[in-house]
Amino acid sequence: MLYANYTKCPAVGGKVAGANLAQVKAMPGVKDAFVLDGNGKIEEFMPGVAVIATSTWGAFNAKKALQVKWDESHASKDDSTQAAAKAAQLAKEPGDEVIANLGDVDAAFGKAAKTVEAFYEYPFLCHATLEPMNATAWYHDGTMEVWAPTQAPTRGLTQIAALLKLPEDKVIVHQTRSGGGFGRRGTNDFMCEAAAIAMKVNAPVRLQWMREDDMAHDFHRVAGFHALKGALDANGKLTGWQDHFITFTPDGKETVRGGDLPAAEFPANVLANARITRSKMPLMIPCGSWRAPGSNGYAYAIEGFIHELAVAAGRDHLEFRLEMLGDPRWLKPGDPRSLHTGRAAGVIKLAAEKAGWGKSLPKGSGMGLAFHFCHLGHVAEVAEVSVDEKKKLTVHRITVAADVGPVVNMSGAEAQCQGAALDGLSTMFGHQIDIENGRIRQSNYSDYPLLRMRSTPPVDVHFIQSDYPPTGMGEPALPPVAAAVCNAIHAATGERIRKLPLAKLGYTI
């Protein structure tokens, strides 16, 4: 078996204009180096330079010596700082598209005793899987055989067959265990690269990305922006809701993957008067599924703003939140896969009860509540935090309450909730991908810090054992975390967090 690494343009869309292949081929342990043109599909096979060696170490050393001249005439020029500035300007204008318009929103705001406005934003993220992308491929006897830690083996098989112009029965995919997926391994570019390289090498070839490759060529969680506005009547009840959602598009038509906001997203689906509009900005950087796609971002903005409204109304957040749900009902009558307001109220009450909602806390401490329904799971969370004068944040406990139908494997379900909560906490505290001139500025864990064990709080998990159809547990416990913690920070300090990550705002953990 031989070992390979594949170098692509750091700005997506760039092509190889030249490379010092002769110098690289002369290095010890290097068997070959060659240019591949790709097929032009970002999710499959982009142009680059393959280095083949007798060891992974040899391939990595050769990669360091590789000098590639890139043709970037059609490459990405994306810039995340410029995009954020543009979004802030767009937020002051009406949205380009109306995706939901219920009741008489203008009348609701016209009659309001109080209105509240806020602008929330969350950044691009990478997956940062423990194991960088890799695959082993071997073309023999007219068959391409691939071993890969993929989340989508069937799709990978189809893509490889089309790429290599082979019948699908001449492609075999062995799905191996992965060192982290979270949606990243649902895109099979690393499999396609390995297969394309193997077609030029008369031996099995293991393609191994470096960590830097993994972060530079991820399919990122898309950033998002929300210009929110709420109307409160004289009794402090929410009577109108408006969300101008600003996202990205790769083609001027569709939103990027994970960058949409459903027309029926809470609370538009429970209010008489609600309007959701959308504006889209161009983006070449590829985006993809990230744990709890879509919900992982907008839940923070929506649940944070609901807390703002409760504070503005002078009401307890728990009471305010339950009032919004109304009577117990399916929001899509007869559809057990839709949000059920009674189930939502059940987990909100349970989380509050188990966390000791309303108990007396020391100065500089606070509790925050958030709920979200996604991936068919009803989940509420309460965070208890304290913040000192130097903005050191201590998360003392996260309480999770979930209704996902009957739970059989209790330890597995509990672990999924704990992992999701800690994943969300790590993300909201320190994670941000910056894009400059089409390039990802972060390259390793040194500038994309993961939560350390010393900062990990206990996560208490409680389930309502309902008789509804069972659902998955891997994703719905992540979205409420950021809002719960940020709402708790406000309760502790009075500071409202409308932009993530916390580390960029001077917090330590």
Side-chain angles (χ1 to χ4, degrees), residues 12 76 78-91 118-129 182-184 214-228 244-250 255-261 279-305 393 423-451 478-483 485-486 489 496-509:
V12 65
S76 168
D78 293 326
D79 187 296
S80 54
T81 301
Q82 293 177 8
K86 182 178 179 181
Q89 288 299 315
L90 290 173
F119 181 67
Y120 279 73
E121 56 185 297
Y122 41 91
F124 289 93
L125 302 174
C126 73
H127 290 83
T129 60
F182 317 114
R184 172 57 182 95
D214 210 40
M215 298 191 78
H217 300 291
D218 200 355
F219 287 75
H220 296 87
R221 196 286 296 273
V222 65
F225 310 87
H226 296 256
L228 294 154
H244 178 186
F245 173 52
I246 302 164
T247 184
F248 295 86
T249 175
T255 56
V256 299
R257 187 180 303 173
D260 206 358
L261 179 65
S279 297
K280 300 190 288 265
M281 301 183 292
L283 186 75
M284 279 190 68
I285 293 290
C287 297
S289 298
W290 196 94
R291 193 171 189 172
S295 299
N296 54 52
Y298 54 70
Y300 150 71
I302 292 170
E303 291 295 318
F305 187 60
L393 170 68
D423 196 0
L425 179 61
S426 179
T427 300
M428 70 169 295
F429 176 73
H431 294 179
Q432 176 172 314
I433 287 295
D434 298 304
I435 307 166
E436 186 176 345
N437 194 29
R439 290 159 163 77
I440 306 302
R441 291 176 56 189
Q442 285 74 14
S443 64
N444 212 312
Y445 290 138
S446 57
D447 48 17
Y448 196 82
L450 302 182
L451 189 72
L478 185 144
V481 177
V485 172
C486 289
I489 291 173
R496 179 63 65 186
I497 308 296
R498 299 191 182 102
K499 181 178 181 180
L500 296 176
L502 294 175
K504 298 289 185 179
L505 303 177
Y507 285 86
T508 59
I509 192 169

Between D218 and R184, the two heavy atoms sitting closest are OD1-CD, 2.8 Å

Non-hydrogen atoms of C486 and M428 that approach each other most closely: SG-CE, 3.5 Å

Those residues that, when tested against P293, pass side chain to side chain contact (heavy atoms under 4.5 Å, CB included) (two or more places apart): S289, H375, E475

Does a side-chain heavy-atom distance below 4.5 Å link I509 with L451? yes

Sequence neighbours left out, what pairs pass salt bridge (Lys or Arg N to Asp or Glu O under 4.0 Å) with at least one residue falling in residues 430-441? E72-R439, E436-R441

Find the distance between NE2 (H244) and CG (L261) and round it off to the nearest 0.5 Å. 11.5 Å

Residue set satisfying ring pair (Phe, Tyr, Trp, His ring centres under 6.0 Å) with F182, at least two apart, ordered chain then number -> none

Sorted by chain and number, sequence neighbours left out, side chain to side chain contact (heavy atoms under 4.5 Å, CB included) with M281 holds for A83, K86, A87, L90, F225, I246, F248

Nearest heavy-atom approach of G259 to F245 is O-CE2, 3.4 Å

Any pair with a residue in residues 498-509 that passes salt bridge (Lys or Arg N to Asp or Glu O under 4.0 Å), sequence neighbours left out, goes on the list, sorted by first then second residue, please. E308-R498

In the structure I gave you, are the side-chain heavy atoms of I433 and P123 within less than 4.5 Å of one another anywhere? no

For T129 and Y445, which heavy atoms make the closest approach, and how far apart are they? O-OH, 3.2 Å

Quick one: does I440's side chain get under 4.5 Å of C126's, heavy atoms only? no

Drop me the distance from D447's CG to M215's CE, to the nearest 0.5 angstrom. 6.0 Å

Any side-chain heavy atom of T255 within less than 4.5 Å of one from K280? yes

Apply side chain to side chain contact (heavy atoms under 4.5 Å, CB included) to the pair Y507 and I497, showing each step before the final yes or no. CA-CA 11 Å; Y507 285 86; I497 308 296; 4.0 Å; yes

Interatomic spacing from CZ in F429 to OG1 in T508 - rounded to 0.5 Å: 6.0 Å

Rounding to 0.5 Å, atoms CG (D423) and CZ (R291) come to a distance of 5.0 Å

Shortest non-hydrogen contact from V222 to R257? CG1-O, 4.3 Å

L502 versus I489: any side-chain heavy-atom pair under 4.5 Å? yes

Atom pair CD1/CG of I435 and D78 - distance to nearest 0.5 Å: 6.0 Å

Residues two or more places apart in sequence or in another chain: which of them pass ring pair (Phe, Tyr, Trp, His ring centres under 6.0 Å) with Y448? H431

Measure from the ring center of H127 to the ring center of F219 and say whether it is less than 6.0 Å. no

dist L283:CG -> D79:CG (nearest 0.5 Å) comes out at 11.0 Å

Looking only at heavy atoms, which two atoms of P501 and T427 are closest? And how far apart? CB-O, 4.2 Å

Report yes if some heavy atom in the side chain of Y298 is under 4.5 Å from a heavy atom in the side chain of Y120; otherwise report no. no

